[in-house]
There are 2 protein chains.
Amino acid sequence: MSLRHALLGLLADQPASGYDLLQRFAGSLDNVWSASQTQVYTELTKLAGEGLITASEEGPRRRKEYSITPAGDTELRNWLSTNESKTPARNEMLLRVFFLGILPPQQALDHMAGIRERSRAGQDALAALEQSTDWTDEAFSDYGRIALEWGKRFQTMNEEWAQWAEEQIEARRPGESRRETAG
Amino acid sequence: MSLRHALLGLLADQPASGYDLLQRFAGSLDNVWSASQTQVYTELTKLAGEGLITASEEGPRRRKEYSITPAGDTELRNWLSTNESKTPARNEMLLRVFFLGILPPQQALDHMAGIRERSRAGQDALAALEQSTDWTDEAFSDYGRIALEWGKRFQTMNEEWAQWAEEQIEARRPGESRRETAG
DNA sequence: GTCTTCATGTAATTTGTTACATGATTTC
DNA sequence: GAAATCATGTAACAAATTACATGAAGAC
C-alpha cells in the first residue's frame, strides 16, 4: 500500500497528471519504488474516489491534473511519521545464494562473480544518474541525494560482500587447480 | 515466482511436509524470503500438480511428505543458473526518506535516528541468530553463513548511512539551537 | 500525411495477505 | 481431560503483472 503514498508525496510537491507521475516512476524513483502504468492510473482513480486527491477537468489530450487534498496531506504526513513497517523480506539474489551449495563450487564462484560485476555496474549507473540529475531546483533535492547515497553504499557493500564470498568459497574448495591458474 | 524455487531448494536437501517447510520460513529463511502458511500449502499443491514434486500418502495427522522430482531438480538448477532477475525495486524505508523534506527538520532527524536504531537492533538480532544456529551439520551451512554475512553488512551499512544522513540534515538546518543542546 | 509523443484506460491473471475452519496426536 | 502442537486446508480480498486497446496533438 505504499504506491499511494509515493503518489501523494509527488503530488504534495505540485499537481501532476498520471502521465507526469509515470515519468517520475520511470526515472529516478524506479530505484526506490517502481510502478507500472496500469498501477499508477488505477491507483489515482482510487485515491480520487477516496478524496485524498482531486482531478481537474480534462484538458488537451484528455489530460487530467491531480492535486493533493487536505485529507491526502494528512494521510501522507501520517504515513511519514509511522514507525518502519512490516515489509516482508524478499530478496531473490540472496535466496539464490542460499541454495548455491546445490551447484558445483566453480559454478557457485561464477555466480558470485556475476553478482559482484552487477554491483559494480550498479555503482556506475548511480554515478551517471547523479551526474545527469539537476540538483539545483528540485524540491526533493536534499533527500534525493540522501536516497542516492544509500544506493551507492548498498552497491558498494554488495560488491565487497560478493568478493568476500568468492574468497570463502575458494578457501573451502578441494585444493585442485583453480580455473584461472589451471593449464 | 521465487516461492516455488525456495520450496524446491529446501526439498532438494530432503523430503519434508508443508508444516516442516513452514518452520524454515518462520525461522532463518524469513530474513531472505518470507512466506505465509497459506502460500506454502497452495504452492505445494501447484508444484505437485505440475510434477515438480511428489506427495507421499497421508501419514499420522494427515501429514504428507513432499519430495523433489527430476523435473523439479531441473527447474531448480535452471533458476540457480539464471542471471539475476528483474525484481522491481520497492524499498519503503527509502521511499519515506525520499519524501522527508515534507516534514520539519527536527522530525526528519528523529525519523533517521529511528532508522539508525532499528539497524543497530537488526545487527543484534542477526548476531543472536548466528549464535543460536547449529552450523555443524546443516546442509546449507556454508551458504547460510554467506547469506547471514550479507545481512550483517547490510545492517551496518544502514546504520552508518543513517548516521551520515543525520549529519547532513543537521548541517543544512537553519543555525538555531539544536534539540539536545537547547534550553 | 506519417511518425512520435502524450495520455488514459480495461481485462485477465498471478501473487500475496487476512481471516476463518477443522481435526488429529502428544503432553501434562 | 485440557492444552499445546502438529497438520492442512478454503474463501475473500488486495496488490501487481501482462496484454490489449484507443485516440488526440505535435513534429517534420
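Please read these numbers as outputs of a predicted model, since none were measured by experiment. In what follows, chains carry the letters A, B, and so on, assigned in the order in which the sequence lines appear, proteins first and then strands, with residues in each chain numbered from 1.
Of all heavy-atom pairs between A:Val40 and A:Gly18, the closest is CG1-O, 4.1 Å.
At a threshold of 4.0 Å, the pair A:Arg120-A:Glu117 does not count as salt-bridged, since none of the basic side-chain nitrogens sits closer than that to a carboxylate oxygen. Between B:Arg4 and B:Glu50 there is a salt bridge, since a side-chain N of the basic residue sits under 4.0 Å from a carboxylate O of the acidic one.
Taking a 4.0 Å limit (strictly below) on heavy-atom distances, residues 9-44 of chain A reaches DNA chain D at A:Ser36, A:Thr38, A:Gln39. Contacts of residues 48-55 of chain A with DNA chain C (heavy atom under 4.0 Å): none.
Within the structure, salt bridge (Lys or Arg N to Asp or Glu O under 4.0 Å) pairs that include any residue of residues 140-151 of chain B comprise A:Arg172-B:Asp142, B:Glu149-B:Arg153 (at least two apart or interchain). Counting only residues at least two apart or in different chains, side chain to side chain donor-acceptor pair (under 3.5 Å) contacts with residues 18-30 of chain B comprise B:Ser17-B:Asp20, B:Asp20-B:Arg63.
The salt bridge (charged side-chain N to carboxylate O under 4.0 Å, His left out) test applied to B:Arg77 returns B:Asp73, not counting sequence neighbours. For A:Glu58, the side-chain contact (heavy atoms from CB on, under 4.5 Å) partners at least two apart in sequence or on another chain are A:Arg62, A:Lys64. Every residue meeting the side chain to side chain donor-acceptor pair (under 3.5 Å) condition with A:Lys152, not counting sequence neighbours, appears here in chain and number order: A:Glu130. Residues passing the ring pair (Phe, Tyr, Trp, His ring centres under 6.0 Å) test with A:Phe99, sequence neighbours excluded: B:Phe140. Listed by chain and residue number, B:His5 satisfy the ring pair (Phe, Tyr, Trp, His ring centres under 6.0 Å) test with B:Trp79 (two or more places apart in sequence, or in another chain). With sequence neighbours excluded, the residues that form a side-chain contact (heavy atoms from CB on, under 4.5 Å) with B:Leu94 are A:Val32, A:Ala147, A:Trp150, B:Asn91, B:Trp161.
For the residue pair A:Gln163 / A:Glu159, no side-chain donor-acceptor distance below 3.5 Å is found, with atom types taken as modelled.
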- Item | Nucleic acid footprint by protein, nucleotides 22-28 of chain C - heavy-atom cut-off 4.0 Å, B for base, S for sugar-phosphate alone | --BBS--
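Note: A:Ile53 CD1 to A:Glu65 CD = 11.5 Å, rounded to the nearest 0.5 Å.
For the pair B:Glu65 and B:Pro88, both in contact range of DNA chain D, the more 5′-proximal nearest nucleotide belongs to B:Glu65.
Across all strands shown, A:Arg90 has heavy atoms under 4.0 Å from sugar-phosphate atoms exclusively, and none from any base.
Put simply, chain A comes within 4.0 Å of DNA chain D, heavy atom to any atom, from D:dA15 to D:dG26, going 5' to 3'.
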